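Take a look at the structure below.
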Amino acid sequence: MPSNSPDPQPRLAETREVVLTSAAQIAQMVSQVSDWFAIHARPLPWRSDDVTPWGVLVSEVLSHQTQIERVVPKWQEFMRRWPAPAALAHDTDASILEFWDRLGYPRRALQLRRCAIAICDEHDGEVPDSVEVLESLPGIGPYTAGAVASFAYHRAVPAVDTNVRRVLARAICGVAAAWAPNVRRDRDIVLATLPTDGVAAAAWNASAMELGAVVCRSRTPDCAACPIAALCVWNQAGRPDNAPTPAKRQAAFKGSMREARGHVMALLRAEGVADRNAVDRALAYQSRFSGEDVVAGLIRDGLISMDADGRVVLGQ
DNA sequence: AAGCCGGGGAC
DNA sequence: GTCCCAGGCTT
């Protein structure tokens with residue numbers, strides 16, 4: 001297991017305008033949250049010692065914008081069907097799209113298979129261990145690259161998800177909500193907390209994430225159960241409602257193109273193939289989009305394809 | 001930086 | 001109905 005990554009040092013100088021705590025206080029928080037995690041961590045299956053880097057990578061991709069409780073059974077089924085990148089690379093797009101079922105964001109499924117193919121073709125079937133190489137893989141961005149490098153290979157690198165942003169926003173910045181995702185900001189603030197030892201860094205990444213998911217929740221924080229309530233800047237300030245208001249509200253799902261695409265994908269998972277009339281019936285609920293437009297978008301994304309008779313099928 | 005991309009669950 | 005969820009890609 002290579003460990004020639006540079007040891008990231010805390011960069012308090014770069015972040016002092018937002019980090020309101022001292023290095024000593026941060027060290028105490030890291031220690032206390034890690035101790036809490038050792039006792040209270042949920043027994044997620046991909047946290048077992050015998051999980052492969054591929055298993056870690058798969059768990060992270062399945063978890064994108066998806067609650068962990070929904071991921072657990074899918075991860076177990078996934079690992080039975082495709083225990084290594086080669087197994088997925090040798091299967092088909094249609095196969096993984098059918099497996100994906102209603103997890104959401106089915107483009108993740110295609111990207112994950114392309115990722116497996118790239119791992120087989122360019123990395124001898126081994127999941128890469130460096131953030132830079134991981135980020136070059138399809139569907140692997142800054143968060144997932146950091147998570148795989150940290151959890152699977154114990155590299156001392158950040159893995160900043162929405163939970164970590166919120167925990168640090170509250171605990172050391174004194175702000176009620178996570179800042180908007182930003183690669184530079186994520187890295188700078190987390191580097192103020194990240195242990196230089198790779199094993200300790202992995203523990204901290206997982207601990208901060210878990211605290212955010214289970215205790216330091218977005219709308220209903222359980223500060224009474226928090227191991228760092230006494231150190232948390234936001235809690236000590238009386239939990240002010242001091243987060244900047246988001247520029248734009250989330251777009252409605254009902255009536256959206258996403259909903260329309262979802263209906264067509266559900267039809268194809270159930271039927272395997274659909275003609276034009278079947279597509280129109282699937283959109284008869286009230287879609288403001290034509291079947292033609294919906295199908296064109298799905299084809300553009302590689303999620304479906306059309307045969308010579310104008311019927312559509314899953315995958316390519 | 002902002003928009004797009006699913007679907008389910010909590011409130 | 002609104003917001004949130006172990007994000008990433010495109011423009």
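It should be emphasised that the depicted structure is a prediction, and the values quoted were computed from it without experimental measurement. Lettering follows sequence order; numbering is per chain, from 1.
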Checking contacts here: which listed nucleotide ([options]) is nearest the side-chain heavy atoms of [X]?
X: A:R261; options: B:dC5, C:dC5, C:dC9; result: B:dC5
X: A:E210; options: C:dG8, C:dA6, B:dG8; result: C:dA6
X: A:D161; options: B:dG6, C:dA6, B:dG8; result: C:dA6

Checklist line | Nearest non-hydrogen partners of A:P138 and A:A118, listed with the distance | finding: CD-CB, 4.3 Å

Next item on the list: Keeping the roles fixed (side chain from A:R170, backbone from A:V167), state whether a donor-acceptor pair exists under 3.5 Å.
Entry: no

Note to self: With salt bridge (Lys or Arg N to Asp or Glu O under 4.0 Å) as the test, pick out the partner of A:D93 among A:R114, A:R113, A:R107.
What the structure shows: A:R113

Roughly, in whole Å, what's the span from [atom1] in [X] to [atom2] in [N]?
X: A:R166; N: C:dG7; atom1: CZ; atom2: P; result: 10 Å
X: A:E259; N: B:dC4; atom1: CD; atom2: P; result: 16 Å
X: A:Q250; N: B:dG8; atom1: CD; atom2: P; result: 14 Å
X: A:L112; N: C:dA6; atom1: CG; atom2: C1'; result: 15 Å
X: A:L103; N: C:dA6; atom1: CG; atom2: P; result: 13 Å
X: A:Y105; N: C:dG8; atom1: OH; atom2: P; result: 12 Å
X: A:L110; N: C:dG8; atom1: CG; atom2: C1'; result: 14 Å
X: A:R217; N: C:dC3; atom1: CZ; atom2: P; result: 19 Å

Notebook entry, point to check: A:Y285 ring centre to A:K254 NZ or CZ under 6.0 Å, with the angle to the axis within 45°?
Noted result: no

So does [X] get a side-chain nitrogen or oxygen closer than 4.0 Å to the phosphate oxygens (OP1/OP2) of [N]?
X: A:R249; N: C:dT2; result: yes
X: A:R102; N: B:dG8; result: yes
X: A:T162; N: C:dA6; result: no

Next item on the list: Write down the distance separating the P atoms in C:dT11 and B:dG6, rounded off to the nearest Å.
Entry: 16 Å

Item checked: P spacing across the pair B:dC11 / C:dA6, given as an integer number of angstrom -> 14 Å

Just checking [X]: base, sugar-phosphate only, or nothing, at a heavy-atom cut-off of under 4.0 Å?
X: A:P181; answer: nothing
X: A:L298; answer: nothing
X: A:T144; answer: sugar-phosphate
X: A:R42; answer: base
X: A:D301; answer: nothing
X: A:Q111; answer: sugar-phosphate
X: A:K254; answer: nothing
X: A:M257; answer: sugar-phosphate

Distance-only criterion, 3.5 Å: show the donor-acceptor pairs between side-chain atoms of residues 266-284 of chain A and protein atoms not counting sequence neighbours.
residue	atom	partner	partner atom	Å
A:R269	NH1	A:D101	O	3.1
A:D275	OD1	A:N277	N	3.2
A:D275	OD1	A:A278	N	2.8

Item checked: Contact list for DNA chain B against residues 46-68 of chain A - heavy-atom distance below 4.0 Å -> A:Q65, A:T66, A:Q67

Notebook entry, point to check: Should the pair A:E210-A:R47 be classified as a salt bridge under the 4.0 Å nitrogen-to-oxygen rule?
Noted result: yes

Item checked: Nearest-nucleotide 5' precedence on DNA chain B, A:R269 against A:K248 -> A:K248

Checklist line | Residue whose closest nucleotide on DNA chain B lies nearer the 5' end, A:R107 versus A:N182 | finding: A:N182

Notebook entry, point to check: Can A:L211 and A:I228 be said to form a side chain to side chain contact (heavy atoms under 4.5 Å, CB included), step by step?
Noted result: CA-CA 10 Å; A:L211 188 70; A:I228 55 170; 4.3 Å; yes

Notebook entry, point to check: For the ring pair A:W82 and A:F99, is the centre-to-centre distance below 6.0 Å?
Noted result: yes

Next item on the list: Measure the OG-CD distance between A:S305 and A:Q316 for me, rounded to the nearest 0.5 Å.
Entry: 6.0 Å

Notebook entry, point to check: How do A:R70 and A:G141 order along DNA chain C: which one's closest nucleotide is nearer the 5' end?
Noted result: A:R70

Next item on the list: Establish whether the base of C:dC3 is bridged to the side chain of A:R219 by a donor-acceptor pair shorter than 3.5 Å.
Entry: yes

